Asks: 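If you scroll down you'll find the structure; I have some questions about it.
Letters A, B, ... are given to chains in the order of the sequence lines, protein chains preceding strands, and every chain is numbered from 1. These numbers come from a predicted model, not from an experiment.
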Amino acid sequence: MFIDFLFYLRERGIKVSLTEWLPLLRSLVEGHARANLTVFYHLARALLVKRETLYDLYDQAFAEFFEGVDRQFDLDEELLDWLNNPILPRELSEEERAALQALDLDELRKRFDERLREQKERHDGGNRWIGTGGTSPFGHGGTHPTGIRIGGAGGGRSAVQVASDRRFRNLRSDRVLDTRQIGLALRRLRRLGKDEGPEELDLDATIDGSARNGGEIELIFGPPRKNRIKLLLLIDVGGSMDPHADLCERLFSAAHAANHFQHFEWRFFHNCPYERLYTDIYRRQGDLTTDILKRVDRTWSVVFTGDAWMSPFELTHAGGAIDLYHDNRDTGLTWLRRFRERCPNSVWLNPEPRRIWNAPSARLIREVFPMFELTLDGLSEAVDVIAGRRSNQSLDPSVNPWTH
Amino acid sequence: MSFQQFTGTEKYLASPELRDAVNVAIALERPLLIKGEPGTGKTVLAEAVAEGLGLELLTWNVKSTSKGRDGLYVYDTVERLNDARFGDRDIRDIQRYIKLGPLGSSFRTPKRVVLLIDEIDKADMEFPNDLLHELDRMSFTIDETSETVTAEHRPIVIVTSNNEKELPDAFLRRCVFHYISFPDREMMTDIVRVHHPKLEDELLRQVLIAFYWLRDQTEVRKRPSTSELIDWIAALRRAGIDKKAIEENLPFLGVLLKHEQDHEWISGARGRRTVLH
């Protein structure tokens with residue numbers, strides 16, 4: 001049962017490794033949890049969960065797992081069971097195997113027995129059982145018929161109740177972003193031209209090498225370290241995008257502030273790009289899209305930002321553009337495909353959550369560009385596509401739209 | 001040795017979660033990684049742990065140019081070069097040009113110390129990985145002299161991060177992690193009391209209403225932190241401002257808000273504020 005908690009956390013998406021699980025065992029064997037589920041909740045979180053963005057997931061998993069059992073759950077009993085029958089995950093990484101080898105199960109059992117014995121003798125909440133201040137090692141605030149009451153700090157709320165509060169909901173990374181977070185995500189957007197161009201004199205290494213030589217000059221060369229990412233940001237403005245204006249503004253200002261791109265340009269459009277792309281959000285001034293397409297090439301990445309929410313005609317029909325006076329000769333999809341052909345490493349960021357991407361227009365666009373949510377997770381994935389660390393596949397048209 | 005060694009100090013109130021995290025890190029001899037909003041007392045925690053346990057504190061302030069090796073030792077080649085050209089010192093003894101960094105020194109001290117590695121995320125992405133081996137084994141070798149330095153007493157290592165960069169997974173797996181969440185009103189009342197013991201109850205209540213109202217405004221770009229609140233109260237008290245004034249016009253707002261846009265926005269939003277009372 002105890003080990004099930006590990007598997008449960010993994011199932012819920014918290015990738016706990018054995019390198020982290022074993023120290024938790026050691027800590028429990030030493031009695032750090034003080035037979036108290038609230039303390040166990042703290043310890044397990046400190047040792048198993050390494051990102052605050054996962055705290056909420058942990059809270060949910062903890063509450064679900066211990067719901068109903070928190071009154072009878074005896075950590076020592078569980079631990080004893082496990083020590084007598086140590087089940088572990090089957091697939092182990094190199095690092096985990098090493099951690100497992102370093103762990104001496106017999107020693108662990110011995111320590112555990114020792115502690116239990118000590119606990120029985122002393123029975124006074126002394127050194128090892130601080131925190132309860134009570135007289136019984138198992139007591140905590142109130143008493144339970146079996147003598148074990150777990151959870152509840154000083155008669156307060158139980159660990160499960162605390163976990164159910166989901167205090168860390170705001171820290172989740174699948175929520176939308178602020179400028180700094182976007183900036184951080186964009187920072188990962190660098191592709192260094194390691195294997196291209198002539199080597200450059202590495203001044204620092206040269207000085208250091210010469211000094212180490214006692215003053216004899218030693219020239220050291222290395223690959224140039226310049227970021228080669230060129231970014232064209234195209235933002236949908238107006239209409240259904242109004243509620244997302246603030247978010248898009250943040251993306252824009254973060255991209256603008258990031259000064260590590262080789263080139264950065266931006267344009268605006270409404271719903272779908274056609275012959276013209278605009279430099280102002282009122283879409284009065286702009287350039288011909290063909291001119292922009294001529295300027296960019298495979299080394300550029302185009303990031304479309306829009307809700308992909310429109311009438312399908314705006315994509316599939318000549319003259320389908322939303323603005324009545326605008327009679328486009330080429331369909332919206334044609335324009336999108338031109339961008340995709342010209343700059344294969346392009347993505348579409350959607351500020352709407354994935355679950356409502358089933359609109360026909362969104363689906364059509366996803367068949368041209370890989371689409372990501374404009375959240376911390378989505379942006380990271382998109383960044384990986386642009387940097388070439390992840391496949392840039394768009395949606396396969398034969399896939400059932402309702403399952404994706 | 002008992003588990004619950006650290007319980008906070010007079011000046012530093014640690015939540016039970018934080019206490020458990022600190023103590024498990026000490027007991028398992030693993031680095032404790034602390035994250036949290038600016039101003040939630042990440043750096044101060046290390047001071048409090050050192051004070052609470054009666055240990056010395058060594059600090060390594062990480063900068064964007066820091067290298068993992070700098071923390072262990074620096075081979076002062078420039079000094080040796082100077083000595084070679086102008087000095088009359090014996091430059092054959094490289095030992096004298098080796099200077100231990102904060103991590104290296106923490107291995108060499110006669111007593112156990114607390115080592116604070118402050119703002120680890122400022123350095124290069126690979127920086128934390130470069131330290132893994134030394135933090136695990138608590139020993140390192142000085143290449144130039146082939147000398148091995150091994151820790152006599154494993155230091156208590158506290159690492160802080162401001163989330164500027166993602167830390168590598170291998171490093172995270174070896175750490176005990178705690179995120180200091182922003183204190184709620186109750187905890188904040190206790191914290192303020194530590195710094196301003198003589199503050200009137202009613203004034204404190206008003207100040208906190210205003211403070212949390214400000215933090216709740218999603219349009220505020222930089223949300224005020226605990227340390228800024230403490231400073232604000234100090235400013236209010238020194239000026240002898242009464243509670244009525246706080247309710248009405250939020251004096252010395254510059255202590256709390258540092259962005260011009262935030263000031264503009266707040267002056268517009270103040271009308272809406274009365275709803276909250």
Asks: Considering only heavy atoms, which portion of Arg85(B) lies under 4.5 Å from any heavy atom of chain A: side chain, backbone, both, or neither?
Replies: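 Interface part for Arg85(B): neither.
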Asks: If you count heavy-atom pairs under 4.5 Å with chain B, which of Leu48(A), Thr19(A), Ile207(A) comes out on top?
Replies: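 Ranked by contacts with chain B, first place is Thr19(A).
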Asks: Using only heavy-atom distances, determine whether the side chains of Lys42(B) and Asn162(B) contain a donor-acceptor pair under 3.5 Å.
Replies: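 Yes.
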Asks: Is Leu28(B) close to chain A through its backbone or its side chain, or both, or neither, when contacts mean heavy atoms under 4.5 Å?
Replies: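 For Leu28(B), the contact with chain A is made by backbone and side chain together.
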Asks: Taking only Lys NZ, Arg NE, NH1 and NH2, and the carboxylate oxygens of Asp or Glu, determine whether Arg115(A) and Asp76(A) approach each other closer than 4.0 Å.
Replies: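 Judged by the 4.0 Å cut-off on N to carboxylate O distance, Arg115(A) and Asp76(A) do form a salt bridge.
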Asks: Is it the case that Glu37(B) and Thr40(B) place a side-chain donor and acceptor less than 3.5 Å from each other?
Replies: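 Side-chain D/A pair, Glu37(B) to Thr40(B): absent.
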Asks: I'd like to know which of Leu32(B), Val176(B), Leu167(B) tops the heavy-atom pair count under 4.5 Å against chain A.
Replies: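 Winner by heavy-atom pair count: Val176(B).
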Asks: So which part of Arg80(B) gets closer than 4.5 Å to some heavy atom of chain A, the side chain, the backbone, both or neither?
Replies: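 Looking at Arg80(B), just its side chain touches chain A.
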Asks: Do Tyr75(B) and Asp143(B) have side-chain N/O donor and acceptor atoms under 3.5 Å apart?
Replies: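 Tyr75(B) vs Asp143(B): no donor-acceptor pair found between side chains.
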Asks: Report the relative orientation of the aromatic rings in Phe62(A) and Tyr41(A); use parallel for angles under 30°, tilted for 30 to 60°, perpendicular for over 60°.
Replies: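 The rings of Phe62(A) and Tyr41(A) stand perpendicular, inter-plane angle above 60°.
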Asks: Side chain, backbone, both or neither: which part of Val16(A) has an atom under 4.5 Å from a heavy atom of chain B?
Replies: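 No part of Val16(A) comes within 4.5 Å of chain B.
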Asks: In terms of heavy-atom pairs under 4.5 Å, which option from Ser27(A), Ser17(A), Ala46(A) contacts chain B the most?
Replies: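 Ranked by heavy-atom pairs under 4.5 Å with chain B, first place is Ala46(A).
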Asks: Under a 4.5 Å heavy-atom cutoff, which of Val78(B), Ile94(B), Leu81(B) has the most pairs with chain A?
Replies: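 Most pairs with chain A among the choices: Leu81(B).
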Asks: What class does the angle between the rings of Tyr212(B) and Phe182(B) fall in, given that below 30° is parallel, 30 to 60° is tilted and above 60° is perpendicular?
Replies: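 Rings of Tyr212(B) and Phe182(B): perpendicular, as their planes differ by over 60°.
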